[in-house]
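Notes follow the structure.
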Amino acid sequence: MSIYKALTIAGSDSGGGAGIQADLKTFQELGVYGMSVITAVTAQNTLGVQGVYPMSSEAVEQQLASISADLRPDALKTGMLFSSDIIQIVASAIKSYKWERVVVDPVMIAKGGASLLQQEAIDAMIEHLLPLADVVTPNIPEAEALSGISITDSESRQQAARRIHAYGCQHVMIKGGHEADTVYATDLLYDGKSFTEFSSRRLHTPHTHGTGCTFAAAVTSGLAQGLPASESLRLAKNFIQAAIAEPLNIGSGHGPTNHWAYQRGQRQENSTIASNTIIVSHDVYAGGTR
Ligand SMILES: Nc1ncnc2c1ncn2[C@@H]1O[C@H](COP(=O)(O)OP(=O)(O)OP(=O)(O)O)[C@@H](O)[C@H]1O
Ligand SMILES: Cc1ncc(CO)c(N)n1
């Protein structure tokens, strides 16, 4: 039996719902062996972020080197990278170790508003990391920061996706979790040729801590097992829908998602979880100029 290996390069969330912890739980549930390079330790719970403690450059470099010397990842994802120094170290490791199937989740700000990436690091991400990415998964504020385009409607969302794609990544998925009051949570994929929407029923719950990390980790799990990007994104959309639909109700603030729910739903025919994961995926009209 082949063991597929996935690596997450991200921050630690002491509360266990986002960051490295969400990534490793997702890898495990989706049947891939998980490895981690920790870029920063955050003191965090469901109420917010109480502290951010970046690792030294040397600590990040050595973790990457140790993995490279022994355990080649089949796919990797980046999450919270915190500074332009860490971004450059990670980008040069990906290039020099010739690691492939790279998912960049351009984590910038936690849901409560705490900064997880220094402002000046956005340029480093565009210059060094995005050209190495197979899949980039910004939420709407991150897509605005990367593209410089204010997203107000579907046309401006398509423009932002085109602009980010032009930085050199293969696929851009602008996630729709932050849209207010829509019936569907719709993510928009651009592969340089056409747009595809992935829609699911928007669930009304405060328990969405770590949705972005979990989603990108599920994409990485699919890529690690050799699925194409579009299939990996479909898997991730199903995984996160199930994880939001069955909240754990842990903590007194914005609780974590349920990383067990997807596999539980797969095992139970006709379960409520399975019926929650109806996905509409279709090509959308690519208006405007390319
Ligand atoms: N309330 C919801 N109902 C259904 N799906 C949702 C909901 N909120 C987010 N999603 C889905 O979860 C995934 C992550 O999207 P989101 O925009 O929340 O990421 P994010 O802002 O990066 O998350 P994070 O807070 O972890 O940084 C997307 O596939 C999105 O459509
Ligand atoms: C460590 C970490 N990474 C990412 C996020 C974004 O959800 C978070 N809250 N914490």
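Keep in mind that this is a model prediction, so the values were computed, not measured. Heavy-atom basis, side chains included; hydrogens, waters and symmetry copies ignored. First listed ligand is number 1; within each ligand, the first listed atom is number 1.
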If we only consider heavy atoms of Gly79, is any one of them less than 4.0 Å away from an atom in ligand 2?
no
Atom 27 (O) of ligand 1 has as its nearest protein heavy atom Asn139 ND2, 4.4 Å
What protein heavy atom is closest to atom 4 (C) of ligand 2, reported as residue, atom name and distance in Å?
Cys213 SG, 3.5 Å
Among protein heavy atoms, which sits nearest to atom 30 (C) of ligand 1, and what does the distance come to when rounded to 0.1 Å?
Asp187 OD1, 3.6 Å
Using a 4.0 Å cutoff against the non-hydrogen atoms of Ile240, which atoms of ligand 1 qualify?
12 (O), 29 (O)
Heavy-atom contacts with Phe215 under 4.0 Å: which atoms of ligand 1 show up? List them by number with element.
29 (O)
Please confirm whether His178 comes within less than 3.5 Å of ligand 1 when only nitrogen or oxygen atoms on both sides are compared.
yes
Angle between ring planes, Phe195 versus Tyr190, binned at 30° and 60°: parallel, tilted or perpendicular?
parallel
For His209, take its heavy atoms, then give the atoms of ligand 2 lying under 4.0 Å from any of them.
9 (N)
Can you sort out which atoms of ligand 2 are near Gly11, meaning under 4.0 Å from one of its heavy atoms?
1 (C)
Can you pull out the closest protein heavy atom to atom 7 (C) of ligand 1? Residue, atom name and distance to 0.1 Å, please.
Ile244 CD1, 3.6 Å
List ligand 1 atoms under 4.0 Å from Lys111, heavy atoms only on the residue side.
18 (O), 23 (O), 24 (P), 25 (O)
among protein heavy atoms, the one nearest atom 26 (O) of ligand 1 is Gly212 N, 2.9 Å
Closest to atom 9 (N) of ligand 2 among protein heavy atoms sits Gln44 OE1, 2.8 Å
Is the side chain of Gln44 donor-acceptor paired with the backbone N or O of Gly15 at a distance under 3.5 Å, no angle test?
no
Should Asp153 and Ser156 be marked as a side chain to side chain donor-acceptor pair (under 3.5 Å) after you check the CA-CA gap, both sets of side-chain angles, and the distance that decides it?
CA-CA 6 Å; Asp153 54 16; Ser156 51; 2.7 Å; yes
The closest protein heavy-atom partner of atom 22 (O) of ligand 1 is Lys175 NZ, 2.7 Å
Just jot down the ligand 1 atoms closer than 4.0 angstrom to any heavy atom of Gly210, in number order.
26 (O)
Are Arg157 and Glu179 close enough, and set up right, to give a salt bridge (Lys or Arg N to Asp or Glu O under 4.0 Å), and what steps lead you there?
CA-CA 12 Å; Arg157 204 200 279 210; Glu179 284 178 310; 2.9 Å; yes
What atoms of ligand 1 come within less than 4.0 Å of a heavy atom belonging to Gln241?
4 (C), 5 (N)
So CG of Leu129 and OG of Ser84: to nearest 0.5 Å the spacing works out to 12.0 Å
Give yes or no for whether the N/O distance cutoff of 3.5 Å, strictly under, is met between Ser200 and ligand 1.
no
Assess the residue pair His209 and Thr46 against the criterion (side chain to side chain donor-acceptor pair (under 3.5 Å)); give the C-alpha distance rounded to whole Å, side-chain angles, the decisive distance to 0.1 Å, and a yes or no.
CA-CA 7 Å; His209 177 59; Thr46 66; over 6 Å; no
For atom 8 (N) of ligand 1, grab the closest protein heavy atom and report residue, atom and distance to one decimal in Å.
Gly177 CA, 3.8 Å
To which protein heavy atom is atom 5 (N) of ligand 1 closest, and what is the distance rounded to 0.1 Å?
Ala185 CB, 3.5 Å
Of all the atoms in ligand 1, which lie at a distance below 4.0 Å from a heavy atom belonging to Arg201?
4 (C)
Using a 3.5 Å distance criterion without hydrogens, assess whether the side chain of Ser96 forms a donor-acceptor pair with backbone atoms of Ser92.
yes
Backbone or side chain, does any N or O of Leu203 fall under 3.5 Å from an N or O of ligand 1?
yes
Is there a polar contact, in the sense of an N or O pair closer than 3.5 Å, between Thr211 and ligand 1?
yes
Starting from atom 5 (C) of ligand 2, what is the nearest protein heavy atom, named by residue and atom, and what distance separates them?
Leu116 CD1, 3.5 Å
With a 6.0 Å cut-off (strictly less than), is the heavy-atom count around CZ of Arg202, excluding the residue itself, greater than 12?
yes
